[in-house]
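Here is the structure we will look at.
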Amino acid sequence: VYKRQTDLQQYLPEEYYNITHLFGKTNFSTNLTGFSTNFVTDGIFKTAIGTLDADLKFDIQKDEALSKYGGKVKTINFDLGKFLSYKKLGKLDMDGNIEGTGFKIENANVKLTANIKRLGYNNYDYKNISTDSASFNKKSFFKKIKINDPNLKASLDGSFSLDGNQSLFNISTSVTTANLLPLNLTKEDIGFKIGFSHLSFEGLELDSIRGIGFANNSTIFYKGDSLS
């Protein structure tokens, strides 16, 4: 079935349409049971912002922040930044289980267990991320997040906040590879590896980072040279 979101507007409550219009033109094959604001859907949705293969339950509220959803979901080339109205986020390829409330970065509160093949952030596509019961909101808390990207191989446990114009991090980590230039975190050819560290800092770009931390078994690389 093919639908434009404007075709559905006359049939949907405003609070529901405010969410569904984000998907744009949609081609779908699904089983749908329930009501317009409380329903279960199981099917494939090919939308203007990517493809979703989902078995999800939705409970849509007038207050968008209180809307609930949960179930199994697989995304292909899904524009997470556009969906959450957050420009630094990019495309998402994921297979996992999700439970959450809210549909925008300022009010979303999401729990996720997933294998993430791709997650775009700051104009870089991170590859091969796995997480067990991670919780994401404006102050997002990790549990056993592992990244096996060509430019970042790490295990993370901690929290970060993207509240306002500041990025705050409180992380325990081990890093076997970190190449900051291709990650768009610095304009210089800098990298490092760390046996174990605990870091508390704010900022994303190297010249704006402020904070404290400790690390052991560490090596910093600058333009091919290393400092241990």
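Computed from a prediction, not measured in an experiment: that's the story for all the values here. Side-chain atoms are counted along with the backbone in the values below, which use heavy atoms only and exclude waters and symmetry mates. Position 1 is the first residue of the sequence; numbering continues from there.
The OG1 atom of Thr113 lies 12.0 Å from the CG atom of Asp95; values are rounded to the nearest 0.5 Å. For the atom pair OG (Ser130) and CG (Asn115), the distance works out to 6.0 Å, reported to the nearest 0.5 Å. For the atom pair Asn109 CG and Glu99 CD, the distance stands at 9.5 Å (nearest 0.5 Å). The structure places NZ of Lys91 at 10.0 Å from CD1 of Ile49, a figure rounded to the nearest 0.5 Å. Taken to the nearest 0.5 Å, the CG atom of Leu119 stands 8.0 Å off from the CG atom of Asp125. The distance from atom CG of Leu52 to atom OG1 of Thr75, rounded to the nearest 0.5 Å, is 6.5 Å.
A donor-acceptor pair is defined here as one N or O able to donate and one able to accept, closer than 3.5 Å; such a pair exists between the side chain of Asn184 and the backbone of Asn123. Thr173 contributes a side-chain N or O that, together with a main-chain N or O of Ser155, makes up a donor-acceptor pair within less than 3.5 Å. Side-chain N or O atoms of Ser226 include none that pairs as donor or acceptor with a backbone N or O of Thr219 at under 3.5 Å. A distance-only check finds a donor-acceptor pair linking the side chain of Ser218 to the backbone of Asn216 [under 3.5 Å]. Between the Thr101 side chain and the Lys68 main chain, no donor and acceptor come within less than 3.5 Å of each other. Using a distance-only test at 3.5 Å, with no hydrogens or angles considered, no donor-acceptor pair links the side chain of Asn128 to the main chain of Ile147.
Relative orientation of the Tyr86 and Tyr121 rings is parallel, given thresholds of 30° and 60° on the angle between their planes. Ring-plane geometry between Phe39 and Phe58 is classed as parallel, the angle between the planes falling under 30 degrees on a 0 to 90 degree scale with a further cut at 60.
Looking at Lys117 and Asp93, no side-chain N of the basic residue comes within less than 4.0 Å of a carboxylate O on the acidic one, giving no salt bridge.
Taking 4.5 Å as the limit, every side-chain heavy atom of Val40 sits out of range of all side-chain heavy atoms of Asp42. Taking 4.5 Å as the limit, every side-chain heavy atom of Leu89 sits out of range of all side-chain heavy atoms of Lys82. Proximity of Val110 to Tyr69: side-chain heavy atoms (C-beta onward) are separated by under 4.5 Å at one or more points. Contact check for Leu180 versus Phe192: side-chain heavy atoms found under the 4.5 Å cut-off. Considering only heavy atoms from C-beta on, Lys223 comes within 4.5 Å of Glu188 through its side chain. Looking at heavy atoms from C-beta onward, Ile44 lies in side-chain contact with Thr51 at the 4.5 angstrom threshold. Counting heavy atoms from C-beta on, the side chains of Met94 and Ile129 never come closer than 4.5 Å. At a threshold of 4.5 Å between non-hydrogen side-chain atoms, the residues Asn107 and Asp63 do not count as touching.
The hydrophobic cluster containing Leu183 also contains Tyr222, counting ILVMFWY residues as joined when their side-chain heavy atoms lie under 4.5 angstrom apart, directly or transitively. Follow the hydrophobic side-chain contacts under 4.5 Å out from Leu185 and you reach Ile145 in the same cluster. Transitive grouping of hydrophobic side chains (ILVMFWY, heavy atoms separated by less than 4.5 Å) keeps Val175 and Leu181 in distinct clusters.
Aromatic pair Phe78/Phe83: ring centres closer than 6.0 Å.
The shortest non-hydrogen separation linking Ser197 to Ala215 is CB-CB, 3.7 Å. Scanning all heavy atoms of the two residues, the minimum distance from Asn170 to Ser200 falls at OD1-CB, 4.0 Å. Of all heavy-atom pairs spanning Pro150 and Thr177, the tightest one is O-CG2, 3.9 Å. Contact detail for Leu152 and Ala178: the closest heavy-atom pair is CD1-CB, 4.0 Å.
Few gaps surround NZ on Lys127; more than 12 heavy atoms of other groups in view lie less than 6.0 Å from it. Counting non-hydrogen atoms of other residues, nucleotides and ligands closer than 6.0 Å to NZ of Lys153 gives a total above 12.
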Any chance you could lay out the side-chain contact (heavy atoms from CB on, under 4.5 Å) test for Asn38 and Lys57, step after step, and finish with the verdict? CA-CA 8 Å; Asn38 192 309; Lys57 180 178 180 180; 4.1 Å; yes
Given the rule in the side-chain contact (heavy atoms from CB on, under 4.5 Å) test, do Ile76 and Asp53 qualify, once you have shown the distances and angles that lead to the verdict? CA-CA 8 Å; Ile76 302 171; Asp53 184 348; over 6 Å; no
